[in-house]
Amino acid sequence: LPTEILGSILEMTYDIEQDQECSTEQGPNHAEHLLTLASVSSRFLSVVIDTATLWAVADWRCSPAQLKKCLERSRGALVAVKYNLPEEHTREQVRVSLRRLISEDFFGDLGRWRDADLFIDSGRMLVTLSKLAAPQLRRVVIKYFAPPTREPIHLFRGNAPNLRMIDLAGIHVHWEWSQDVIANLRSLVLSAVKISEASVLSFLSVIKLSSILQKLVIRLVSWGDTVDLPAIAPSRLNSLKEIVITG
């Protein structure tokens, strides 16, 4: 097989691990996973070393040295950020792990983020994510396991023009996104999310104007009682292939 094709196949092995929920504290982190692949043969070793995108995963379980090595070997490739909140961890351990992933030393303005899977319980981390633009981000999953913040969070300052998929749970969000996001959005999943009164109409415009939105899931979403909601014609939703709305 050509090096590029074998490299792409090896990338998929880590995605399969994630789908099978093997990314526990006890399982191998991403750096260890790559070392295992590299030990298969000299050909695999060469492909692992030379394929920058294989290293472009920021796994919260990696040590600072491993994380730095992965990002160095990724050679500027867009990064997938993965963080989970294991029950056995103390709050301080959790915060230290996540700080490694969004520290300025590694990411600066989040300009290299491609995908983000964040399972967190820190309001400060949400505030941090509201201050930084993510212009290359294509997919974001944020599950927040704590009482909602008093002030709504404006994720990525609304500056994430390449987002294709948004999956949020448990957060109080201010929904103001650029027209690029509305144009590109294909999947929107919200669970137990509170939308600020000031941005409800903007949120509805995403549904109304997203001509290629294919998946819409809204569960236990709330907003202010004083908001007068406009109707959305069914013809506006003709691109949808999956829709779930529960109160």
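Using a 4.5 Å heavy-atom threshold, the side chains of Q66 and E32 count as touching. Within the 4.5 Å cutoff, no side-chain heavy atoms of D59 are placed close to those of Y83. The closest side-chain heavy-atom distance from P161 to N159 is below 4.5 Å. With a 4.5 Å cut-off on side-chain heavy atoms, I142 and D167 do not count as touching. Side chains of L45 and V48 form no contact here, defined as non-hydrogen atoms less than 4.5 Å apart. Contact check for V57 versus K82: side-chain heavy atoms found under the 4.5 Å cut-off. Between L213 and L240, the closest side-chain pair of non-hydrogen atoms falls below 4.5 Å. Annotation: side chain of R114 is not in contact with side chain of V79 (no heavy-atom distance under 4.5 Å).
W55 and L34 make their closest contact through CE3-CD1, 3.3 Å (heavy atoms, listed as atom of the first residue, atom of the second, distance). Closest heavy-atom contact between C70 and H30: SG-CD2, 4.4 Å. Pairing each heavy atom of L67 with each of C62, the nearest pair is N-CB, 4.0 Å. Residues F145 and D121 approach most closely at O-CB, 3.3 Å, considering heavy atoms. Closest heavy-atom contact between Y144 and P148: CE2-CA, 4.2 Å. When every heavy atom of S130 is checked against every heavy atom of R157, the shortest pair comes out as O-CG, 3.1 Å.
Put simply, the side chain of S46 never gets that close to the backbone of S42: no donor and acceptor are under 3.5 Å apart. In this structure, the side chain of R186 engages the main chain of N184 through a donor-acceptor pair within 3.5 Å. A donor-acceptor pair is defined here as one N or O able to donate and one able to accept, closer than 3.5 Å; such a pair exists between the side chain of N162 and the backbone of P135. Of the possible donor and acceptor atoms, one in the side chain of S41 sits under 3.5 Å from a partner among the backbone N and O of F44.
The environment of R124 atom CZ is sparse: at most 12 non-hydrogen atoms of other residues, nucleotides or ligands sit within 6.0 angstrom.
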Discussion item. What verdict does the side chain to side chain contact (heavy atoms under 4.5 Å, CB included) test give for H33 and N29, after you've listed the backbone C-alpha separation in whole Å, the side-chain angles of each residue and the deciding distance to 0.1 Å?
Written reply: CA-CA 6 Å; H33 175 75; N29 63 38; over 6 Å; no

Discussion item. Side chain to side chain contact (heavy atoms under 4.5 Å, CB included), that's the test. Do L118 and V81 meet it? Break it down for me.
Written reply: CA-CA 8 Å; L118 306 177; V81 178; 4.0 Å; yes

Practice prompt. Show your reasoning for whether side chain to side chain contact (heavy atoms under 4.5 Å, CB included) applies to L110 and L129.
Written response: CA-CA 9 Å; L110 274 62; L129 293 172; 3.9 Å; yes

Item to complete: For the pair V140 and W113, evaluate side chain to side chain contact (heavy atoms under 4.5 Å, CB included) and give the outcome as yes or no after the intermediate values.
Response: CA-CA 10 Å; V140 61; W113 284 32; over 6 Å; no

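Taking Ile, Leu, Val, Met, Phe, Trp and Tyr as members and joining any whose side-chain heavy atoms lie under 4.5 Å apart, directly or through other members, the hydrophobic cluster of V189 also contains V217, V244.
A side-chain contact (heavy atoms from CB on, under 4.5 Å) with W175 is found for exactly one of L201, L155, L190, namely L190.
Checked for salt-bridge contact, K143 and D117 miss the test: no charged N lies under 4.0 Å from a carboxylate O.
Inspection of the S202 and S199 side chains reveals no N or O donor paired with an N or O acceptor under 3.5 Å. At a cut-off of 3.5 Å, with distance as the only test, a side-chain donor of S74 or R112 sits close to an acceptor on the other residue. Using a 3.5 Å distance cut-off with no hydrogens or angles, the side chains of H172 and T149 do not pair a donor with an acceptor.
Using cut-offs of 30° and 60° on the angle between ring planes, the pair W223 and F203 is tilted.
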